[in-house]
**Student:** 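Got a structure here, written out as structure tokens. Questions coming.
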Amino acid sequence: TINLWGAAPPGGLTFQISTNNYGGTIPSSVTVPANAQSVSFTTATVAVANTAKVYVTATYPVGTVTGYFFVIAPTISSFTLSQTSVVGGSTTKVTGTFTITSPAPVGGIPIAMHAFDVYVSVASQIIVPAGATSVTYPITVYSVAKDTSQPITGTWNNISLSVTLTIKAVQISFFTVNPTSVHGGTVATWSIAVSEPAGPAGMEVPLAYLPSGNLGEVLIAAGATTASFTDVTFPVASQTTETITASTSAGQVSASLTVL
């Protein structure tokens, strides 16, 4: 709005309008009607990646006046997950959605992503497309033997939002030993299967031995659902039984070997 100290003369008073170049559009001139003391005009703004201070100058025969306004850059307003608690594995489908406060500018809004453990994989950067106010993207969740909570963070323009994804452990499908009885000095083979493939780092399933009380683990290789290991027995004076229990947070399965 341009305001005059007094009424405009007959024929009105015309001002030439200019602005610093930020991509918006304004009229090239406006006229205060005869006998009026003000005139208002509009400017069409464009989305910006960084908040911009826009100067508008009105020039008339005996001087100029300048005003300004701010075009506010979008900020991250929310970060949500399609599911917040899932069983990890290849069949798990989780998506994340970022919403920003206003449409993204030309080139989009790049949001830097970070997941804090090997059990969650996200792109290092996702883009809110130009003109859009949100973006949805996939999150890969790998299988675990122990329930775990993983934070995921997105950052744009020094503002970060985080969500926490709870990953539930896989089930043990079976845990067996073959044969179930051996003479001391021979070998038995233990086999395990889980309900989802192991992630890129593999998956260690804890083992507990009785009666010795020893602890151990069996490694299921990346992409596999099964693993095996051998047990070399020793000669015994009398029949003994060894029980091994494999466990995840979802449950446990035991198998026993008799040494004759």
Side-chain angles (χ1 to χ4, degrees), residues 19-26 42-55 68-171 195-203 222-223 248-250:
T19 184
N20 56 319
N21 182 20
Y22 80 104
T25 57
I26 61 171
T42 60
T43 176
T45 61
V46 295
V48 292
N50 297 289
T51 296
K53 188 176 184 179
V54 180
Y55 290 92
Y68 64 85
F69 63 93
F70 290 94
V71 179
I72 305 300
T75 58
I76 301 172
S77 59
S78 69
F79 178 19
T80 59
L81 298 177
S82 58
Q83 302 179 76
T84 57
S85 180
V86 295
V87 176
S90 62
T91 60
T92 301
K93 306 298 181 184
V94 178
T95 59
T97 299
F98 272 100
T99 302
I100 58 177
T101 53
S102 58
V106 173
I109 292 292
I111 299 176
M113 300 299 301
H114 184 64
F116 291 82
D117 213 322
V118 296
Y119 305 119
V120 174
S121 177
V122 296
S124 61
Q125 184 183 87
I126 60 171
I127 304 293
V128 181
T133 57
S134 66
V135 62
T136 297
Y137 62 96
I139 298 172
T140 301
V141 185
Y142 299 115
S143 55
V144 295
K146 182 180 179 181
D147 293 351
T148 183
S149 294
Q150 300 298 318
I152 306 170
T153 298
T155 302
W156 153 249
N157 220 8
N158 296 318
I159 296 177
S160 297
L161 290 182
S162 296
V163 294
T164 298
L165 176 64
T166 298
I167 307 173
K168 297 290 189 179
V170 297
Q171 298 274 354
S195 56
E196 292 286 348
M203 180 171 56
T248 71
S249 296

**Student:** So how far is it from Asn157 CG to Thr75 OG1, rounded to the nearest 0.5 Å?
**Tutor:**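 That separation rounds to 8.5 Å.
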**Student:** Looking only at the side chains, is there a donor atom on one of Ser162 and Thr153 sitting less than 3.5 Å from an acceptor on the other?
**Tutor:**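 Note: Ser162 and Thr153 side chains meet the donor-acceptor criterion.
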**Student:** Work out which heavy atom in Lys93 is nearest to a heavy atom in Gln83; give both atom names and the distance.
**Tutor:**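 Here Lys93 and Gln83 meet closest at O-NE2, 2.8 Å.
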**Student:** Taking OH in Tyr68 as the centre, count heavy atoms belonging to other residues, nucleotides or ligands within less than 6.0 Å. Is the count above 12?
**Tutor:**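 Not buried by this count: 12 neighbours or fewer within 6.0 Å.
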**Student:** Just verifying a value: how many Å separate Thr155 OG1 and Met113 CE, rounded to the nearest 0.5 Å?
**Tutor:**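 Result: 8.5 Å between the selected atoms.
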**Student:** Quick one: CD1 on Ile159 to CD1 on Ile100, what's the gap to the nearest 0.5 Å?
**Tutor:**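 It is 11.5 Å, given to the nearest 0.5 Å.
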**Student:** Taking the side chain from Ser195 and the backbone from Val170, do they hold a donor-acceptor pair closer than 3.5 Å?
**Tutor:**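 Judged by distance alone, no pair lies under 3.5 Å.
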**Student:** So, for Thr25 and Thr43, which heavy atoms are closest and what is the spacing to 0.1 Å?
**Tutor:**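 Distance-wise, the nearest heavy atoms are O-OG1, 2.8 Å.
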**Student:** For Ser143 and Gly199, work out which heavy atoms get closest and say how close.
**Tutor:**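 The pair with the smallest heavy-atom distance is OG-N, 3.8 Å.
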**Student:** To the nearest 0.5 Å, how far apart are OG1 in Thr97 and OH in Tyr137?
**Tutor:**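 That separation rounds to 8.0 Å.
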**Student:** Any chance you could measure Ser85, atom OG, to Ile167, atom CD1, to the nearest 0.5 Å?
**Tutor:**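 Result: 9.5 Å between the selected atoms.
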**Student:** Step by step, would you call Ile127 with Val135 a side-chain contact (heavy atoms from CB on, under 4.5 Å)?
**Tutor:** CA-CA 7 Å; Ile127 304 293; Val135 62; over 6 Å; no
**Student:** For Met203 and Thr248, what are the C-alpha separation, side-chain angles and deciding distance, and is it a side-chain contact (heavy atoms from CB on, under 4.5 Å)?
**Tutor:** CA-CA 11 Å; Met203 180 171 56; Thr248 71; over 6 Å; no
**Student:** Between Ile139 and Leu81, what is the shortest heavy-atom contact and its length?
**Tutor:**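 Heavy atoms only, the tightest pair is CD1-CD2, 3.5 Å.
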**Student:** To the nearest 0.5 Å, what is the distance between OG1 on Thr19 and CZ on Phe69?
**Tutor:**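 Atom-to-atom, Thr19:OG1 and Phe69:CZ are 6.0 Å apart.
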**Student:** Is it the case that the side chain of Ser121 and the backbone of Thr140 share a donor-acceptor pair, with hydrogens and angles ignored and the cut-off at 3.5 Å?
**Tutor:**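 No; zero donor-acceptor contacts below 3.5 Å.
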**Student:** Evaluate side-chain contact (heavy atoms from CB on, under 4.5 Å) for Val54 paired with Asn20, printing each intermediate quantity in order.
**Tutor:** CA-CA 6 Å; Val54 180; Asn20 56 319; 3.7 Å; yes
**Student:** How about Val118 and Tyr142: do any of their side-chain heavy atoms sit closer than 4.5 Å?
**Tutor:**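 Answer no - side chains too far apart.
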**Student:** Within a radius of less than 6.0 Å around OH of Tyr119, do more than 12 heavy atoms belonging to other residues, nucleotides or ligands occur?
**Tutor:**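 Open.
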**Student:** Check the pair Lys168 / Ser249 against side-chain contact (heavy atoms from CB on, under 4.5 Å), numbers first and verdict last.
**Tutor:** CA-CA 8 Å; Lys168 297 290 189 179; Ser249 296; over 6 Å; no
**Student:** Ignoring hydrogens, what is the shortest heavy-atom contact between Ser134 and Pro129? Give both atom names and the distance.
**Tutor:**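 Closest approach of Ser134 to Pro129, heavy atoms only: O-CD, 4.1 Å.
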**Student:** Which heavy atom of Trp156 sits nearest to which heavy atom of Ile109, and what is that distance?
**Tutor:**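 So the minimum-distance heavy-atom pair works out to CZ2-CD1, 3.3 Å.
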